[in-house]
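Computed from a predicted structure; not experimentally measured.
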Amino acid sequence: QVQLVESGGGLVQAGGSLRLSCAASGRTFDTYNMGWFRQAPGKERESVAAISWRGEKTYYADSVKGRFTISRDNAKNTLYLQMNSLKPEDTAVYYCAADRFDQRRILVTHPDGYEHWGQGTQVTVSS
């Protein structure tokens, strides 16, 4: 089993920044691709960003490209999401998740490709 705990959410004004963290424990973090997802009220969960287990490949949803940066520190078993130039439409609960399979060669962006999820952290961007 793997446990994921997100932190760093909060209330911020439009144009502001937040840094989300996801602490992992319970299994080998550094051999799994990781992803950030978000879910706004009444909407489906959507992929925001993903990073390969070695960190050399990243994916970003078009809506966050150029504003968000995903990174990982395998020595600390921690995943990050730096969010800049935040917009009200970024308001959602943000979740981190671990790929179902270790050392997968491609980055999967659909939630079904991920097995373990954190409890989520609320991000609210005011206009």
Side-chain angles (χ1 to χ4, degrees):
Q1 279 288 358
V2 62
Q3 292 80 42
L4 301 173
V5 179
E6 301 96 337
S7 61
L11 173 64
V12 64
Q13 289 188 331
S17 298
L18 284 173
R19 189 194 196 200
L20 305 184
S21 298
C22 172
S25 61
R27 76 174 182 189
T28 306
F29 171 80
D30 59 0
T31 61
Y32 290 84
N33 298 342
M34 298 290 295
W36 283 102
F37 295 79
R38 67 186 180 188
Q39 188 165 19
K43 295 188 177 181
E44 292 187 353
R45 190 168 298 190
E46 63 175 356
S47 175
V48 174
I51 188 167
S52 59
W53 57 281
R54 287 177 174 167
E56 83 281 14
K57 292 187 290 187
T58 57
Y59 158 84
Y60 296 96
D62 287 342
S63 58
V64 306
K65 275 181 184 176
R67 300 188 298 122
F68 290 12
T69 302
I70 189 172
S71 62
R72 65 191 299 163
D73 186 337
N74 286 343
K76 295 183 178 180
N77 284 356
T78 304
L79 177 73
Y80 303 100
L81 185 68
Q82 178 66 44
M83 305 186 296
N84 298 330
S85 303
L86 282 161
K87 304 175 181 180
E89 50 264 44
D90 295 318
T91 295
V93 178
Y94 283 71
Y95 301 89
C96 64
D99 198 314
R100 291 186 179 276
F101 304 105
D102 68 333
Q103 300 183 32
R104 195 185 327 225
R105 294 186 179 182
I106 61 171
L107 285 177
V108 175
T109 59
H110 195 280
D112 288 349
Y114 292 78
E115 183 174 33
H116 297 287
W117 296 82
Q119 82 290 348
T121 185
Q122 177 70 48
V123 172
T124 303
V125 184
S126 63
S127 56

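- With contacts defined as side-chain heavy-atom distances shorter than 4.5 Å, the pair R38/S63 qualifies.
- Rounding to the nearest 0.5 Å places CG of L18 at 9.0 Å from CZ of F68.
- Using a 30° and 60° split on the angle between ring planes, Y114 and F37 fall in the perpendicular class, above 60°.
- Listed here is the closest heavy atom pair of W36 and E6: CZ3-CG, 3.9 Å.
- Under a cut-off of 6.0 angstrom, the local environment of CZ in R54 is sparse, with at most 12 non-hydrogen atoms contributed by other residues, nucleotides or ligands.
- For the pair R100 and D112, the salt-bridge criterion is not met [side-chain N within less than 4.0 Å of a carboxylate O].
- Nearest approach of E56 to S52, heavy atoms of both residues: OE1-OG, 2.8 Å.
- Neither side chain, T78 nor D73, offers a donor N or O lying under 3.5 Å from an acceptor on the other.
- The side-chain tip of R45 points at the ring of W117 from less than 6.0 angstrom away and within 45° of straight on.
- Note that R19 lies in the cation-pi zone of Y80, set by a 6.0 Å cut-off to the ring centre and a 45° limit from the axis.
- For L20 against G9, the heavy-atom pair with the smallest separation is CD2-N, 3.6 Å.
- Contact between S71 and L79 at its shortest, heavy atoms only, is O-CD1, 3.4 Å.
- Open room surrounds NZ on K76; 12 or fewer heavy atoms of other groups in view lie less than 6.0 Å from it.
- Side-chain contact between M34 and R72 is present, with at least one heavy-atom pair separated by less than 4.5 Å.
- A heavy-atom distance below 4.5 Å is not found between the side chains of T124 and V12.
- In the hydrophobic clustering of this structure, L86 groups with V64; members are Ile, Leu, Val, Met, Phe, Trp, Tyr whose side-chain heavy atoms approach within less than 4.5 Å, directly or through other members.
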